[in-house]
Number of protein chains: 2
Amino acid sequence: MISMYKKYVKILKDHAIIITSPRLDILKFLDEHHTHPDVEEIYTSLKKKHPSLSRTTVYNSLEILKKNKIIQSLTISGSELRYDIKEGLHHHFLCKHCGRIFDISITCPNMNRTVAGGHHVEEVQGYFKGICKKCQTKEKERRNNG
Amino acid sequence: MISMYKKYVKILKDHAIIITSPRLDILKFLDEHHTHPDVEEIYTSLKKKHPSLSRTTVYNSLEILKKNKIIQSLTISGSELRYDIKEGLHHHFLCKHCGRIFDISITCPNMNRTVAGGHHVEEVQGYFKGICKKCQTKEKERRNNG
DNA sequence: ATTCTATTTTGTAATAATTACAATTTTGTA
DNA sequence: TACAAAATTGTAATTATTACAAAATAGAAT
């Protein structure tokens with residue numbers, strides 16, 4: 001039972017973060033859902049299995065995971081922060097129609113930059129916005145049928 | 001007196017947007033302040049000369065200017081939206097120390113992309129975050145002197 | 001296993017950014 | 001100058017996030 005958390009226990013131990021069940025659950029959730037969920041989605045999902053969970057705990061846990069560079073937050077939506085397990089460099093695409101966020105695997109010479117305009121760079125994020133593949137298809141079908 | 005707005009009147013006319021003083025003032029403000037201000041900064045500045053101005057008007061005006069692609073909003077800060085006159089493609093750098101946002105003139109092969117991961121791209125934004133030139137210098141001085 | 005202290009979790013209250021909406025005012029046109 | 005459509009204003013509501021104090025828990029030491 002505890003074994004399903006082994007991977008996440010190791011991650012926290014490696015970063016000298018105190019191991020707690022909210023942290024393990026959040027990490028597991030993000031590892032299993034690469035949909036860039038916001039706090040509300042994470043909270044609502046985990047609340048079912050762990051009814052005492054507090055929203056504040058989700059905020060706090062995400063914060064400590066972020067500080068340790070285990071996860072990252074995306075500001076792409078412009079309202080809520082979205083969260084993402086950090087696995088390899090990639091960019092993001094936001095569909096203005098359905099609101100979903102996709103990983104974009106294109107590379108870019110600036111992704112690994114440590115200096116830009118004389119400033120010291122610690123993070124680089126590329127955001128693409130438009131209409132996703134699926135929404136475009138739906139739109140075409142709508143035009144053809146009706 | 002009206003002549004100082006000539007440029008902005010033309011922009012609005014060209015886009016068939018009804019000409020109103022809040023819109024002219026906001027446009028002028030963004031044209032003269034390339035600091036990527038948020039709504040509060042714009043509102044507070046313009047309120048001095050135009051005391052009846054409402055915050056909602058600032059939101060509405062920015063929205064219509066954005067829809068017409070005269071300005072763009074940046075989500076780089078993660079809390080408030082920042083606004084920018086659209087003049088040539090460029091990326092942005094946010095200093096985590098002083099909070100200022102700088103234009104970064106580096107180019108990138110993905111800036112003009114219209115497709116990414118099969119999705120239709122309408123906007124591309126590159127966000128760099130770290131410590132700006134000035135804050136780095138200050139930090140060095142602090143270490144050397146004290 | 002038990003105890004202890006620092007840290008975390010919880011729940012509520014506060015804050016900040018944005019949106020909704022109805023009444024009033026203004027714009028552009030006739 | 002008058003009119004209809006659209007914009008502005010001010011207030012209230014909503015949403016995302018942060019602050020904070022009390023209760024609970026983790027990990028170290030015994």
Side-chain angles (χ1 to χ4, degrees), chain A residues 2 5 8-27 29 36-44 46-68 70-71 73-83 99 101, chain B residues 2 5 8-27 29 36-44 46-68 70-71 73-83 99 101:
Chain A
I2 253 323
Y5 289 105
Y8 311 110
V9 168
K10 179 167 163 42
I11 294 175
L12 296 184
K13 270 192 181 156
D14 287 352
H15 287 83
I17 300 170
I18 291 177
I19 292 153
T20 68
S21 39
R23 288 170 186 181
L24 291 172
D25 283 332
I26 289 169
L27 206 42
F29 185 85
H36 315 90
D38 62 10
V39 169
E40 205 55 30
E41 285 171 67
I42 299 169
Y43 170 72
T44 307
L46 299 183
K47 185 91 178 171
K48 288 170 196 160
K49 304 269 173 172
H50 187 326
S52 79
L53 182 67
S54 157
R55 225 179 299 261
T56 304
T57 300
V58 178
Y59 277 101
N60 290 342
S61 301
L62 288 168
E63 192 53 34
I64 197 171
L65 294 173
K66 189 166 111 183
K67 269 192 188 141
N68 281 273
I70 298 165
I71 65 172
S73 64
L74 309 181
T75 63
I76 193 170
S77 98
S79 44
E80 11 45 49
L81 291 178
R82 300 298 189 124
Y83 292 88
I101 297 166
Chain B
I2 254 319
Y5 290 105
Y8 311 110
V9 168
K10 179 169 164 39
I11 294 174
L12 297 184
K13 271 193 180 155
D14 287 351
H15 287 83
I17 300 170
I18 290 178
I19 292 153
T20 69
S21 38
R23 288 171 186 180
L24 290 172
D25 283 332
I26 289 169
L27 206 42
F29 185 84
H36 315 91
D38 62 10
V39 170
E40 205 53 30
E41 284 170 68
I42 299 169
Y43 170 72
T44 307
L46 300 183
K47 184 90 177 170
K48 288 170 197 159
K49 303 270 172 172
H50 186 325
S52 79
L53 182 67
S54 157
R55 225 178 300 261
T56 303
T57 300
V58 178
Y59 277 102
N60 290 342
S61 301
L62 289 168
E63 192 53 33
I64 197 170
L65 294 173
K66 190 166 112 184
K67 268 193 190 140
N68 282 272
I70 298 166
I71 65 171
S73 64
L74 308 180
T75 63
I76 193 169
S77 97
S79 43
E80 8 49 47
L81 291 178
R82 299 299 188 125
Y83 292 88
I101 296 166

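First the proteins, then the strands, lettered A, B, ... as listed; each starts at 1.
Between A:Arg23 and the options A:Ile11, A:Val9, A:Ile17, a side chain to side chain contact (heavy atoms under 4.5 Å, CB included) holds for only A:Ile17.
The closest side-chain heavy-atom distance from B:Leu62 to B:Ser73 is not below 4.5 Å.
Here the CD1-OG distance, from B:Ile42 to B:Ser61, works out to 10.0 Å after rounding to the nearest 0.5 Å. Taken to the nearest 0.5 Å, the CD1 atom of A:Ile71 stands 4.5 Å off from the CG atom of A:Leu65.
Distance B:Ile26 CD1 to D:dT9 C1': 13 Å, rounded to the nearest Å. Summarising the geometry, the separation between OH on A:Tyr43 and P on C:dT10 is reported as 9 Å, rounded to the nearest angstrom. B:Ile17 places its CD1 atom 21 Å from the P atom of C:dT26, with the value rounded to the nearest Å. When the C1' atom of C:dA16 is taken as reference, atom CD of B:Glu40 falls 9 Å away, rounded to whole Å. Between the CG atom of A:Leu81 and the C1' atom of C:dA16 there is a distance of 14 Å, given to the nearest Å. A straight line from CG of A:Leu65 to P of C:dT8 spans 12 Å, rounded to a whole angstrom. One interatomic measurement links the two molecules: CG of B:Asp25 to P of D:dA7, which rounds to 17 Å at whole-angstrom precision. Between the CD atom of A:Glu80 and the P atom of C:dT18 there is a distance of 12 Å, given to the nearest Å.
Where A:Ile64 and A:Pro51 meet DNA chain C, the nucleotide closest to each residue was compared, and A:Ile64 sits on the side nearer the 5' end. Annotation: of the two residues near DNA chain D, B:Thr57 and A:Tyr59, the 5′-most nearest-nucleotide partner is B:Thr57. In this structure, B:Arg55 and A:Asn60 both approach DNA chain C, and ranking their closest nucleotides by distance from the 5' end singles out A:Asn60.
Nearest to the side chain of B:Ser54, among C:dT27, C:dT8, D:dT9, sits D:dT9. Taking every side-chain heavy atom of B:Ile18 into account, C:dT27 is the closest of D:dT9, C:dT18, C:dT27. Comparing C:dT9, D:dA7, D:dG10 by their closest approach to the side chain of A:Thr20 singles out C:dT9. Of the listed nucleotides (C:dG11, D:dG10, D:dT8), D:dG10 has the atom at the smallest distance from the side chain of B:Thr56.
Under the Watson-Crick or G-U wobble criterion, with both distances below 3.5 Å, C:dT3 is paired with D:dA28. Taking a pair to require two hydrogen-bonding distances under 3.5 Å in either a Watson-Crick or a G-U wobble arrangement, D:dA23 pairs with C:dT8.
Taking a cutoff of 4.0 Å between a charged side-chain nitrogen and a carboxylate oxygen, B:Lys47 and B:Glu40 do not qualify as a salt bridge.
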